[in-house]
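These notes are about the structure you will find just below.
Per chain, numbering begins at 1; letters A, B, ... match sequence-line order. Remember, it's a predicted structure, so these values are computed and weren't measured experimentally.
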Protein chains: 2
Amino acid sequence: MSADVAARRGIPDASVARLPGYLQALTNFAERGIGSVSSEELATAAGVSSAKLRKDLSHLGSYGVRGVGYEVDRLSYEISTALGLTQDWPVAIIGMGNLGRALAAYSGFATRGFNVIAVLDRDADLVGAAVGEHRIRPMGDLGALVRDDRLAIGVIATPADSAQEVADHLVSAGVRSILNFAPCVLDVPDDVMVRKVDMSTELQILAFHEQRRTGELDLSAQSTVEGVAL
Amino acid sequence: MSADVAARRGIPDASVARLPGYLQALTNFAERGIGSVSSEELATAAGVSSAKLRKDLSHLGSYGVRGVGYEVDRLSYEISTALGLTQDWPVAIIGMGNLGRALAAYSGFATRGFNVIAVLDRDADLVGAAVGEHRIRPMGDLGALVRDDRLAIGVIATPADSAQEVADHLVSAGVRSILNFAPCVLDVPDDVMVRKVDMSTELQILAFHEQRRTGELDLSAQSTVEGVAL
DNA sequence: GCGACTTTGTGCATGGCTTCACAAGTGCGT
DNA sequence: ACGCACTTGTGAAGCCATGCACAAAGTCGC
């Protein structure tokens, strides 16, 4: 068991970031009634190379069978355990604008080990309004949610200018994992983990490649010789 | 100019992924009336190390002044140019569920170089309905949007089970940059770039670290000796 | 049983990214 | 004019992740 923990401690971040993808692919296989997959099949379904997949899985332990592959149910369980999804994590969403409401209505949480236990907003005028099955609660409720309902993960869906304030609130209430949808950098203590989701950033990265592509096409008149591929 | 392009070609992906963050931080500085920043200040605002920032910027060219720092406006312009944001990119959002509507209503696009020119849905019953300033259009309009309005970027906001179908439609219409919000892997030709945004994945990564943290706390009773930090 | 075949798990080499450390260049005060 | 304080840009070193190639280990057919 201590070996278990020791193994888990050493999983590289890059591997951890891919585990959810494997889990999702495995769920698809299970739904299609497939009981066993090779690293090649699973890797293709998850969009990675089979060597990478095997190395990633080797960090969890040795759950495959040589010559055969991986049992879908078993591997799903092991990855779920590694990710800490054997329990349901209570999540609170803060900021009930368009995005917050969309997130609150998103059904994908429940099937993936998360449970939205509360939605909150800083705006007193919104408090009490219904959002799906929830009623919007005031920020002051955060402390009770952490204490009584073991809230551990906060989702910030506010505009950028109030995100830091909300983050401070979450941190002082004891939340140490934050998913930030606001397009800004949050300043939090070292022991608080923040992950950011920003569609503008993603679009800008796409724009870079799109522009580079069209830029090269313009130049192709004078030199088609340079490798355009890749 | 060819040196310019050559320089731009060589920007590492990791650097490109950080440029939007720098641009955003610079915009903040500009709004606060700050005309000049050091790499240290900008790096802190963007949440990276100053060495990394300087190396990233060095890939664009030499736009700083030793002993002084970077002029905010100038650097903003250079990064915008590198990212291809001097023009506005036409974007279409496909899938008008909760998420699609939230994205369509998101005001952050316009200020960051993107312009939602159309929203679409596969469901014929939804076609024609109003979403903000837009009316939902049928998938068949994609070809015309690419041809007449230079649509280059598609945003998939459908459930996972129709994402691949939508992606195929986008690709055959000529779109080569896709932002995918559906929790699945898309199979597209090599010259099509897909970036994925998946909040479930992000939450699962947070859960991993949260679980590891609490797991170690549980064990701390028997052995506080092992380095708990980091 | 046994040999042929399949697939995992992993040591090793490779490449890319990050960090360090410092020379080169700039402004300022005197 | 000159030295001092400051900051950029960049070679060099170290680190992490990826890809390769193969031995180990299992199945299947006979």
Side-chain angles (χ1 to χ4, degrees), chain A residues 3-4 6-19 21-22 25-26 29 34-76 78-79 82 205 208 230, chain B residues 3-4 6-19 21-22 25-26 29 34-76 78-79 82 205 208 230:
Chain A
D4 213 354
R8 216 168 283 160
R9 270 185 57 147
I11 307 179
D13 287 346
S15 287
V16 173
R18 284 187 291 266
L19 292 181
Y22 303 152
L26 285 167
F29 280 117
I34 297 169
S36 174
V37 290
S38 68
S39 64
E40 192 64 45
E41 293 168 318
L42 183 55
T44 302
V48 301
S49 73
S50 63
K52 205 188 284 189
L53 171 78
R54 288 201 300 277
K55 185 145 293 197
D56 285 344
L57 295 184
S58 75
H59 291 121
L60 306 182
S62 192
Y63 300 122
V65 179
R66 293 171 193 234
V68 178
Y70 301 90
E71 192 197 342
V72 171
D73 290 344
R74 174 75 193 285
L75 191 55
S76 289
E78 295 298 344
I79 294 179
I205 295 169
F208 168 83
L230 264 195
Chain B
D4 211 9
R8 216 169 281 158
R9 269 186 57 148
I11 306 179
D13 287 346
S15 287
V16 173
R18 284 187 292 266
L19 292 181
Y22 303 153
L26 284 168
F29 280 116
I34 296 170
S36 173
V37 288
S38 69
S39 64
E40 192 63 44
E41 292 168 319
L42 183 55
T44 302
V48 301
S49 73
S50 64
K52 205 187 282 188
L53 171 77
R54 288 200 300 277
K55 183 139 293 199
D56 285 344
L57 294 185
S58 75
H59 291 120
L60 306 183
S62 192
Y63 301 121
V65 179
R66 293 171 193 237
V68 179
Y70 301 89
E71 192 197 342
V72 172
D73 290 343
R74 174 74 194 286
L75 191 55
S76 289
E78 295 297 344
I79 294 179
I205 296 170
F208 169 82
L230 264 196

> Just to confirm, is there a sub-4.0 Å distance from OP1 or OP2 of D:dT18 to any side-chain nitrogen or oxygen of A:R18?
Replying inline: yes

> For A:H59 and D:dC16, what is the distance between atoms NE2 and P respectively, to the nearest whole Å?
Replying inline: 12 Å

>> Looking at every non-hydrogen atom in both residues, tell me the closest pair between A:S76 and A:L26 and how far apart they are.
In response: OG-CB, 3.4 Å

> Could you walk me through whether A:I205 and B:D13 pass the side-chain contact (heavy atoms from CB on, under 4.5 Å) check?
Replying inline: CA-CA 9 Å; A:I205 295 169; B:D13 287 346; over 6 Å; no

> Side-chain contact, heavy-atom cut-off 4.5 Å: B:R54 with B:Y70?
Replying inline: yes

>> Quick check: closest heavy atoms across B:Y22 and B:A46, and the distance to 0.1 Å?
In response: CD2-CB, 3.7 Å

>> Determine whether a donor-acceptor pair (one donor, one acceptor, N or O, separation below 3.5 Å) exists between the side chain of B:R66 and the base of D:dT7.
In response: no

> In residues 68-75 of chain A, which residues come under 4.0 Å of DNA chain C by heavy atom?
Replying inline: A:V68, A:G69, A:Y70

>> If you only use heavy atoms from C-beta on, which nucleotide in D:dT10, D:dC20, D:dT8 is closest to the side chain of B:K55?
In response: D:dT10

> Just how far, in rounded Å, is P of D:dG9 from CD of B:E78?
Replying inline: 12 Å

>> Any residue in residues 34-44 of chain B with a heavy atom nearer than 4.0 angstrom to DNA chain D? Just list them by number, or reply none.
In response: B:S38, B:S39

> Can you check whether B:L42 reaches B:V72 side chain to side chain, under 4.5 Å on heavy atoms?
Replying inline: no

> In terms of the nearest nucleotide of DNA chain D, which residue is placed more toward the 5' end: A:S15 or A:V65?
Replying inline: A:S15

> What closest approach, in Å, do B:S36 and B:V68 show between heavy atoms, and which atom pair accounts for it?
Replying inline: OG-CG1, 4.2 Å

>> Give me the atom names and distance for the closest heavy-atom approach of B:E41 to B:F29.
In response: O-CZ, 4.1 Å

> Can you check the B:L53 CG to D:dG9 P distance for me, whole Å?
Replying inline: 10 Å

> When you list every nucleotide of DNA chain C with an atom under 4.0 Å from a heavy atom of chain A, which one comes first 5' to 3', and which comes last?
Replying inline: C:dT6 to C:dC12

> After noting the C-alpha distance and the side-chain angles of B:I11 and A:F208, does the key distance pass the side-chain contact (heavy atoms from CB on, under 4.5 Å) rule?
Replying inline: CA-CA 10 Å; B:I11 306 179; A:F208 168 83; 4.1 Å; yes

> Got A:L19 and A:L60 here, is their nearest side-chain heavy-atom distance under 4.5 Å?
Replying inline: yes

>> Heavy atoms only, 4.0 Å cut-off, all strands: where does B:S49 land among base, sugar-phosphate and nothing?
In response: sugar-phosphate

> Can you tell if the side chain of B:V48 reaches within under 4.5 Å of the side chain of B:D56, non-hydrogen atoms only?
Replying inline: no

>> What's the separation between atom OG in A:S39 and atom NZ in A:K55, rounded to the nearest 0.5 Å?
In response: 13.0 Å

>> Nearest whole Å is fine: how far is D:dA24 P from A:R54 CZ?
In response: 16 Å

